[in-house]
Q: 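Here it is: the structure, laid out below.
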Amino acid sequence: RPDTGRGDGERGPEGDARIAQAAAALRAGGLVLMPTETVYGLAADAANARAVAKVYEAKGRPSFNPLIAHVADLATARRIARFDARALALAERFWPGPLTLVLPAADTEAVCDLARAGLDTVAVRAPAHPVAHALLEAFGGPLVAPSANRSGRPSPTTFEDAVEETGQAAAAALDGGPCRVGLESTVVALLDAPRLLRPGAVTRAEIEAVVGPLSEAEADAKRSPGRLARHYAPNAPVRLEAAAPRPGEAWLSFGPEGQGPWNLSPTGDLAEAAANLFAYLRAADRTGPAAIAVAPIPETGLGEAINDRLRRAAGFVG
Ligand code: TXA
Ligand code: MG
């Protein structure tokens with residue numbers, strides 16, 4: 001699904017006015033549902049600790065888990081984080097887009113302590129969605145935006161799902177249509193050796209082509225917080241690598257042989273499967289099944305990130 005301009009609800013002069021209103025709500029310490037190319041985020045002024053506290057509260061996060069600072073461009077990012085040559089090369093290659101860099105923090109006020117969960121590092125990303133970009137420009141500074149789901153639930157990839165999850169806590173909600181990517185950004189730390197903290201929309205191979213081999217995330221929870229065992233989870237249990245559904249199960253199939261209303265990609269295309277994953281998990285869950293059975297997904301390319309989210313939805317540590 002290509003980005004076709006401002007995306008569904010926010011085109012033209014009316015869209016401009018709604019974006020200006022949302023920026024004003026952010027300046028007043030309010031929260032805003034913000035579409036991005038990956039998933040919908042719940043945005044707040046990164047410098048305002050009270051606004052950031054509202055984000056944690058709205059998500060019901062059990063502990064303070066650091067948030068991603070979203071920026072309009074590399075120039076803004078360089079004011080809040082220290083970029084070395086590797087970080088610059090990655091930003092130049094993948095921004096704006098679904099890559100988050102964890103770097104030494106350069107300005108601990110622009111992204112407040114609570115947003116960084118007290119760490120001396122900061123996660124930054126410049127999103128590619130035109131509505132997110134317009135909001136960041138109108139606001140004029142970094143915005144924290146975790147995925148707009150309540151803690152532990154699948155990330156919302158449509159406007160309606162975002163409103164259902166945390167809309168009550170938001171002073172404004174921007175409709176950017178369905179998210180083109182549908183999986184969260186890849187998180188790479190560049191503190192010592194480059195480390196993959198979260199597989200995501202940019203594949204391991206694409207990152208390694210720029211910075212060389214990636215080390216794994218450390219088991220140390222301080223370094224890779226937010227890697228909870230059960231995460232992205234629907235209400236129903238999830239059964240992976242299923243050859244076929246059992247009676248009472250909802251069925252997420254994959255590929256040309258796949259059946260039922262939720263074939264993640266009839267052509268076996270992993271980008272299409274990623275874009276459909278969370279919306280189909282939610283749709284299947286709404287039917288109240290005994291379990292959600294999911295067909296095997298190849299581990300190559302984007303499949304690494306899809307299987308990471310599926311293992312977490314099923315409650316296995318990745
Ligand atoms: O695609 C995305 O990244 C979406 C959209 C809305 O931009 N946002 C998102 O945010 O997924 P969130 O808060 O759900 O996930 C942020 C991840 C968490 O796993 C968190 O632990 C990690 O980034 N993170 C943030 N700051 C970090 C830091 N300083 N060190 C290590 N990990 C960090
Ligand atoms: Mg999340």
Side-chain angles (χ1 to χ4, degrees), residues 1-3 7-10 22 31-44 55-56 58-61 65-71 94-100 123-133 135-136 143-167 169-170 172-187 197-203 226-228 231-234 264 270-285 302 304-310 312-313 318:
R1 273 172 266 172
D3 278 328
D8 301 24
E10 313 300 344
L31 310 187
V32 171
L33 284 179
M34 172 175 79
T36 83
E37 74 280 23
T38 57
V39 301
Y40 275 76
L42 184 62
V55 172
Y56 286 113
K59 284 184 61 80
R61 271 204 176 169
N65 179 5
L67 305 177
I68 297 170
H70 295 67
V71 294
F94 296 109
W95 283 4
L99 174 67
T100 295
V124 282
R125 121 168 161 89
H129 196 292
V131 174
H133 190 259
L135 181 64
L136 285 161
L143 293 174
V144 291
S147 50
N149 53 287
R150 279 170 284 120
S151 190
R153 307 232 332 127
S155 300
T157 55
T158 66
F159 179 68
E160 294 72 22
D161 287 342
V163 169
E164 183 187 315
E165 286 286 329
T166 51
L174 296 173
D175 181 358
C179 299
R180 174 171 56 87
V181 176
L183 276 186
E184 299 81 357
S185 61
T186 305
V187 182
L197 300 189
R198 178 173 75 181
V202 178
T203 64
R227 309 279 292 156
L228 302 176
H231 200 179
Y232 309 103
L264 290 166
L270 289 169
E272 184 182 18
N276 287 330
L277 180 67
F278 288 134
Y280 285 10
L281 277 174
R282 282 170 184 280
D285 203 28
L302 261 183
E304 181 180 6
I306 295 173
N307 284 319
D308 172 79
R309 303 309 188 272
L310 282 171
R312 284 165 203 284

Q: Drop me the distance from Leu302's CG to Asp308's CG, to the nearest 0.5 angstrom.
A: 12.0 Å
Q: Taking 4.0 angstrom as the limit, do Glu165 and Arg282 come out as a salt bridge?
A: yes
Q: Once you round to the nearest 0.5 Å, how far does CZ of Arg180 lie from OG1 of Thr157?
A: 13.5 Å
Q: If we only count heavy atoms from C-beta on, is the Leu310 to Leu277 side-chain gap below 4.5 Å?
A: yes
Q: Working to the nearest 0.5 angstrom, can you tell me the gap between Glu304 CD and Thr186 OG1?
A: 9.0 Å
Q: Atom CD1 of Ile306 and atom CG of Leu264: how far apart are they, to the nearest 0.5 Å?
A: 7.5 Å
Q: Could you list the residues that satisfy side chain to side chain contact (heavy atoms under 4.5 Å, CB included) with Ala170, not counting sequence neighbours?
A: Leu33, Leu42
Q: Under 3.5 Å, side chain of Arg125 to main-chain N/O of Gly97, donor-acceptor pair present?
A: yes
Q: May I ask you to test the Pro35-Phe159 pair for a side-chain heavy-atom distance under 4.5 Å?
A: no
Q: Report the residues that fulfil salt bridge (charged side-chain N to carboxylate O under 4.0 Å, His left out) with Glu184, sequence neighbours left out, ordered by chain and then residue number.
A: Arg309
Q: Could you pull out all residues at least two apart from Ala22 that satisfy side chain to side chain contact (heavy atoms under 4.5 Å, CB included)?
A: Val32, Leu135, Ala172, Leu174
Q: If we only count heavy atoms from C-beta on, is the Arg150 to Lys59 side-chain gap below 4.5 Å?
A: no
Q: Answer yes or no: is there a donor N or O on one side and an acceptor on the other, between the side chain of Asn149 and the main chain of Arg153, under 3.5 Å?
A: yes
Q: Determine whether a donor-acceptor pair (N or O, by modelled atom type, separation under 3.5 Å) exists between the side chain of Tyr40 and the backbone of Gly176.
A: yes
Q: Is there a donor-acceptor contact under 3.5 Å linking the side chains of Thr100 and Ser185?
A: yes
Q: Keeping Thr158 on the side-chain end and Asp161 on the backbone end, is there a donor-acceptor pair under 3.5 Å?
A: yes
Q: Does the side chain of Pro98 come within less than 4.5 Å of Glu37's, by heavy atoms?
A: yes
Q: Could you tell me the separation between the CD1 atom of Ile68 and the OG1 atom of Thr36, rounded to the nearest 0.5 Å?
A: 9.0 Å
